[in-house]
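These notes are about the structure you will find just below.
Only heavy atoms go into these numbers, but all of them, side chains included; no hydrogens, no water, no symmetry mates.
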Amino acid sequence: MKKEGIELIKDGKRLDGRDFDELRPIKIEVGVLKRADGSCYFELGDNKVIAAVYGPREMHPRHAQDAKMAVLKYRYNMAPFSVDERKRPGPDRRSVEISKVSREALEPVIIKEFYPKTEIDVYVEILQSDAGTRTAGINAASVALADAGIPMKDLVSSVAVGKIDGEVVLDLNAVEDNYGEADMPIAMVARRNTITALQMDGRMTKEEFDKGLKLAMNACRQIYELQRTALIERYSEM
Amino acid sequence: MKKEGIELIKDGKRLDGRDFDELRPIKIEVGVLKRADGSCYFELGDNKVIAAVYGPREMHPRHAQDAKMAVLKYRYNMAPFSVDERKRPGPDRRSVEISKVSREALEPVIIKEFYPKTEIDVYVEILQSDAGTRTAGINAASVALADAGIPMKDLVSSVAVGKIDGEVVLDLNAVEDNYGEADMPIAMVARRNTITALQMDGRMTKEEFDKGLKLAMNACRQIYELQRTALIERYSEM
Amino acid sequence: MKKEGIELIKDGKRLDGRDFDELRPIKIEVGVLKRADGSCYFELGDNKVIAAVYGPREMHPRHAQDAKMAVLKYRYNMAPFSVDERKRPGPDRRSVEISKVSREALEPVIIKEFYPKTEIDVYVEILQSDAGTRTAGINAASVALADAGIPMKDLVSSVAVGKIDGEVVLDLNAVEDNYGEADMPIAMVARRNTITALQMDGRMTKEEFDKGLKLAMNACRQIYELQRTALIERYSEM
Amino acid sequence: MGLEIMDDVRRDYIYNLVKRGKREDGRDFRDYREIKVEKDIIKRAEGSARVKIGNTEVLVGVKLEPGEPFPDSPDEGVIITNAELVPLASPEFEPGPPNEDSVQLARVVDRGIRGSEAIDLSKLCIEEGEKVWIVFIDIHVLDNDGNLVDAAALGAIAALLNIHIPAERYGLSSSEGEDTNTLPIRDKPVAVTMVDVGGEILVDPNYNEEKAAVSGLTVITNTDGTISGMQKYGREGLAEDKISEMVEIGIEKADELRRRFL
Amino acid sequence: MGLEIMDDVRRDYIYNLVKRGKREDGRDFRDYREIKVEKDIIKRAEGSARVKIGNTEVLVGVKLEPGEPFPDSPDEGVIITNAELVPLASPEFEPGPPNEDSVQLARVVDRGIRGSEAIDLSKLCIEEGEKVWIVFIDIHVLDNDGNLVDAAALGAIAALLNIHIPAERYGLSSSEGEDTNTLPIRDKPVAVTMVDVGGEILVDPNYNEEKAAVSGLTVITNTDGTISGMQKYGREGLAEDKISEMVEIGIEKADELRRRFL
Amino acid sequence: MGLEIMDDVRRDYIYNLVKRGKREDGRDFRDYREIKVEKDIIKRAEGSARVKIGNTEVLVGVKLEPGEPFPDSPDEGVIITNAELVPLASPEFEPGPPNEDSVQLARVVDRGIRGSEAIDLSKLCIEEGEKVWIVFIDIHVLDNDGNLVDAAALGAIAALLNIHIPAERYGLSSSEGEDTNTLPIRDKPVAVTMVDVGGEILVDPNYNEEKAAVSGLTVITNTDGTISGMQKYGREGLAEDKISEMVEIGIEKADELRRRFL
């Protein structure tokens with residue numbers, strides 16, 4: 001599905017000047033919304049996303065409650081103006097799948113047993129998109145969950161790797177994603193080396209995959225530190 | 001949004017021969033439907049609308065019930081053949097907004113505390129449209145509520161004023177609405193001088209607004225008398 | 001609605017070589033699905049349909065339960081690839097009507113009083129269509145209900161008759177349906193001579209109708225024997 | 001639960017009446033309630049009719065708009081029949097998309113008009129393969145006291161008679177003679193609905209009779225006595241001879257309605 | 001039940017404050033909360049603005065895309081205003097299609113822009129009857145602490161100012177001078193919302209004040225002091241003189257906001 | 001509650017079996033159940049395949065119809081992959097629009113076909129920017145006893161092989177040689193799904209094993225051993241080395257399936 005005709009690597013650098021293993025600039029703000037129980041604004045290059053957490057709160061309808069633990073819900077949503085061609089409001093197949101994968105990315109760290117019969121709602125809004133919104137969303141959601149005081153075993157960090165002009169590189173931007181050969185978003189509990197989300201499309205050899213996975217895992221560890229720092233700053237302010 | 005190029009006032013009269021402060025002919029019939037608890041057929045010029053009331057009746061789903069009072073619902077719906085270009089069946093954004101505004105127009109007079117946990121349903125069908133359907137609908141609904149025996153403090157009466165060819169006039173018809181400069185529907189508890197609905201679009205000065213409001217309030221008092229007369233006739237028949 | 005220009009009968013035979021009163025080849029397999037409580041695969045010429053039955057099982061939502069008997073549900077659904085022009089997934093008006101008529105075709109034989117508050121679900125999937133899918137579906141559903149052990153007074157059998165080139169003939173195929181003059185599907189409790197479904201479109205005289213009805217009833221008796229044989233074989237295997 | 005008991009009581013009441021040869025409103029088994037047909041009451045529609053059968057009231061509006069033909073009949077107009085069981089008409093109707101009852105109502109009426117070929121669709125082609133007239137037949141139910149099908153079918157054919165094709169409104173002038181702007185109607189299909197209560201055939205069931213019946217049949221017939229549509233209803237079967245009798249009654253009553261109202 | 005009691009308590013609390021001439025956050029009755037307007041924050045949009053009024057936060061993005069004109073105005077662009085009350089913004093918002101609150105929010109903002117004729121739609125025709133620019137004004141609510149209308153309306157007009165028509169992206173080069181690629185804005189409608197609590201008029205109600213109010217009014221006014229949109233809310237009526245007073249306040253406060261932020 | 005207890009019992013049962021090196025149906029951890037692939041069984045489809053993996057049964061039909069290209073690839077055909085989890089196939093499937101499970105199933109299969117570039121979309125252009133072939137891949141699940149992904153993916157590629165482009169039906173004669181009417185397939189992506197139960201990797205999980213597993217992975221690989229799609233599932237994480245092992249198994253098993261069935 002990748003298109004050809006654009007040189008994405010020149011003189012060993014990517015079009016935006018990054019090295020192969022270099023993340024785009026990241027900005028994290030915690031507790032940016034008043035009404036939500038927890039929230040986080042997350043920038044990854046030109047991606048701007050915001051996550052809010054509500055709950056644990058009573059679950060409706062009742063027959064969907066789980067008597068043993070909280071139910072985690074996750075809604076990934078793109079603002080209509082977040083992409084070049086206006087996105088029609090409402091869920092589409094892509095956002096339904098991303099919501100599922102993102103929820104499963106976070107589920108392993110949440111101690112759901114503390115709040116039976118309740119639901120914990122994670123809402124992620126993509127305000128501006130430049131490839132990588134699902135990973136930015138998971139990063140934001142992870143921090144927002146912590147900000148909401150949801151009991152968690154650890155934070156989840158997420159990033160994509162991909163293949164452009166035959167090279168395995170970290171954190172594709174939109175041009176690289178459109179003209180590249182493969183894209184692989186992952187999520188990870190950075191301090192436990194556990195992969196909680198993994199998707200891949202495009203074409204890669206096993207060796208490229210192994211290399212990409214290592215690259216992504218390293219980057220997740222960097223992101224983890226930024227998430228942690230942002231939370232510490234937030235709570236030292238308070 | 002108003003288009004130009006049609007002269008709407010000639011020799012001090014409107015295209016249909018009316019004076020600036022003149023209502024279109026009104027016809028009211030009470031109790032026209034058998035299955036409904038209350039009903040009213042209302043003509044305003046070429047507008048033909050019918051309102052039915054059901055209730056108070058048990059409210060579903062239960063969690064939407066109000067333990068202290070009845071819940072009023074209002075559904076404004078246009079028949080597909082009521083307008084020049086066939087209207088697709090089902091609610092659209094315009095009808096959703098009109099339903100809300102119309103419900104709020106009637107809410108102040110209904111003694112909802114008498115029937116906790118119930119709902120009172122008002123259904124308004126627009127059979128033929130010629131500008132002014134929402135006001136005709138509120139007038140019809142008000143009479144249908146009385147016909148259904150719903151306890152009310154008073155009747156609500158409704159009419160629009162607007163601005164055409166620079167003049168503030170009463171009760172725009174479709175041509176006037178399409179080529180005029182402003183339209184302002186209001187609803188009112190005529191005997192209490194209380195405005196229960198007010199919308200405005202187009203452009204008016206404050207002075208025009210004041211003048212229009214007085215014009216509308218006077219017309220509501222006329223409509224009130226017609227509503228009252230129709231109800232009295234209905235009950236003297238019985 | 002029938003189109004003209006194709007000769008459907010030549011030398012007293014139909015285009016596919018059948019006599020006027022001849023059914024297309026029928027193939028019945030019972031118990032073809034593992035997860036369903038009962039199932040049946042049914043071929044009628046080029047029609048391939050499969051029916052599954054689930055239940056009696058608890059009915060949701062509860063307020064839709066019938067305290068005195070089971071509720072029968074029936075869903076007729078065409079696979080997107082079952083017709084020449086891809087069918088968009090999901091119910092359309094045709095399938096909603098067919099589901100209703102098919103449910104009513106089966107209702108008279110099901111002893112619903114045995115299972116109050118439950119629902120019995122019949123799901124019919126049309127995998128390949130060649131005119132006659134609703135009748136094939138009813139035949140399949142009837143056998144699947146028996147396979148599921150639902151208590152029944154008898155089996156229901158179904159077939160269509162129609163009019164082509166002025167002749168009343170049995171079991172129209174797609175070409176005959178498209179270019180013919182009338183189509184009349186019926187369902188019947190074959191051993192009781194009771195008609196449980198009857199629809200007709202096109203144009204027929206009363207005499208043609210009478211003739212067609214007799215033709216269809218005879219064919220239902222044939223189909224009944226095939227259904228019965230298929231069930232007996234299934235249970236003698238077990 | 002309360003409602004279910006009421007259903008049983010009503011069913012027994014109607015059943016016992018019928019067993020004594022009577023109907024709730026005093027009619028004979030083969031009689032229609034009083035029928036009123038008013039035509040051309042909706043200005044915005046190309047054709048319209050309000051039909052009352054007793055307390056049942058249905059408004060049918062017909063509109064014509066240019067649109068795309070179906071790929072398999074590029075030179076023919078299109079009929080779209082739609083029924084709205086708006087909640088104004090009955091405490092049992094709920095707002096929302098069409099359910100199986102409104103779909104069936106629309107499709108039975110539609111089938112009668114199609115089967116009779118009442119509308120000459122070949123006259124509704126504007127530009128082959130590109131643009132044809134879409135005939136929207138919208139059935140708007142106002143009061144449901146039973147037998148919506150006959151009221152809707154009668155309203156539909158009444159509304160279709162005498163329709164002016166709105167060519168001017170869409171800038172589609174007809175080059176030929178002036179009568180090309182009239183929708184040609186070639187037949188007058190009429191629906192007659194009957195139910196079986198206790199083995200008796202009741203024509204034109206009212207709401208209570210519909211509820212008490214175990215089965216029913218609509219027979220739609222044409223000016224020449226041919227049948228152009230049928231539909232059986234209900235949770236019980238019908239014997240062959242009963243159906244045959246119903247078809248005969250249907251032809252006879254349709255003829256009567258056609259002469260009186262169309 | 002618990003929640004309803006909370007509602008009553010809050011209502012009484014706000015009411016009693018107002019009766020003593022006070023507001024929850026210490027403002028005067030006629031004062032807005034602190035307002036911040038940031039423009040052009042979304043790269044992918046042709047125009048955007050983030051508006052904060054106190055803790056209320058709304059993001060408005062404007063996009064232009066080629067599309068079909070309405071049949072009755074073949075040479076004019078089209079405005080489509082949409083509001084999403086995404087569940088991120090409030091525990092009371094639920095995912096799903098637009099409900100009456102989001103529809104009303106979008107339509108009131110839309111009415112102000114249309115009524116003022118702020119956008120010269122005749123400049124947005126690409127090919128008469130075939131292709132015009134569609135102006136999508138998308139209101140994305142991020143945090144709801146009351147008075148969404150004023151924030152959304154201010155965001156909409158702020159986002160509309162200084163828009164570059166993306167003709168290149170769609171291969172639609174403009175033959176004429178270069179300034180034809182700027183969306184011409186002719187007026188700056190501003191919405192001012194007030195509520196009635198205990199007979200007092202409060203400008204810019206916060207969430208609790210909205211809940212405590214029995215009625216409210218939005219007045220949208222233009223640079224020349226004319227009115228281009230109004231909407232009354234709530235379950236109680238408003239007297240004529242109260243409305244008249246609100247309109248005057250609306251004109252005055254809009255003027256102030258316009259000068260400060262647009 | 002009863003059902004939840006059953007879930008626990010089943011989970012323990014499967015877990016304890018695995019801990020003793022066994023599977024419910026006696027297979028080895030790396031074995032597939034019996035697989036049957038039947039091709040071209042649906043006349044109305046341009047291609048079709050029925051795949052059985054044990055009791056799991058999936059029918060895939062492929063249809064080609066002319067339609068509009070995407071604006072950003074005006075000279076390429078379009079693939080639309082859709083999965084219906086019809087309620088016939090499982091007591092857990094409900095009628096209605098696609099939910100997250102059916103969407104994920106369709107998208108994972110779709111990704112494998114796209115990633116491998118199995119279909120040469122540039123060969124599916126009819127008229128640049130105007131008309132291209134839309135390839136509808138419809139996955140119809142008939143019986144769900146686990147591992148729908150592998151069955152659907154195998155069915156999709158099997159159905160895609162040997163497709164005749166229905167140019168005649170749409171009056172689109174191909175001017176060039178006759179083999180232009182065959183859909184060119186350039187690769188044969190095959191999906192292999194594995195789950196983790198108690199730290200062991202089970203290939204081709206059946207329904208009970210899926211329910212007992214805490215995580216899983218689908219690996220889609222091509223003829224040359226490259227990967228063209230992956231998806232992790234489940235409420236627990238997977239360690240790096242476990243994923244690496246799964247990818248190796250995936251490549252090996254895909255090769256086996258490809259040789260046996262494609």
Part of B:K48 within contact of chain D (heavy atom distance under 4.5 Å): side chain
Reported CG-to-CG distance for the pair D:N55 and D:N144, which is rounded to 0.5 angstrom: 10.5 Å
Which atoms of B:N77 approach chain D - backbone, side chain, both or neither, heavy atom under 4.5 Å: side chain
Which of D:L64, D:V86, D:D145 touches chain B most, by non-hydrogen pairs under 4.5 Å: D:V86
B:T196 versus B:E104, side-chain donor and acceptor atoms under 3.5 Å: no
Option in D:A89, D:S48, D:S90 with maximal non-hydrogen atom pairs under 4.5 Å from chain B: D:S90
Max heavy-atom pair count under 4.5 Å with chain D, selected residue of B:G55, B:P91, B:S82: B:S82
Heavy-atom contact with chain B under 4.5 Å, split by part of D:N82: side chain
Distance-only side-chain donor-acceptor flag, B:N139 / B:Y224, under 3.5 Å: no
The single option from B:K13, B:R24, B:R14 passing salt bridge (Lys or Arg N to Asp or Glu O under 4.0 Å) against B:D19: B:K13
Contact origin within D:K43 toward chain B - heavy atom pairs under 4.5 Å: both
Between CG on residue B:D66 and CD on residue B:E113, distance to nearest 0.5 Å: 9.0 Å
Engaged part of B:R86 at the chain D interface, taking heavy atoms whose separation is under 4.5 Å: both
Within 45° cone of B:Y54 ring axis and under 6.0 Å: B:R35 NZ or CZ: no
Pairs of heavy atoms under 4.5 Å with chain D: top-ranked of B:V32, B:D37, B:V83: B:V83
Donor + acceptor pair across side chains of B:Y76, B:T133 (<3.5 Å): yes
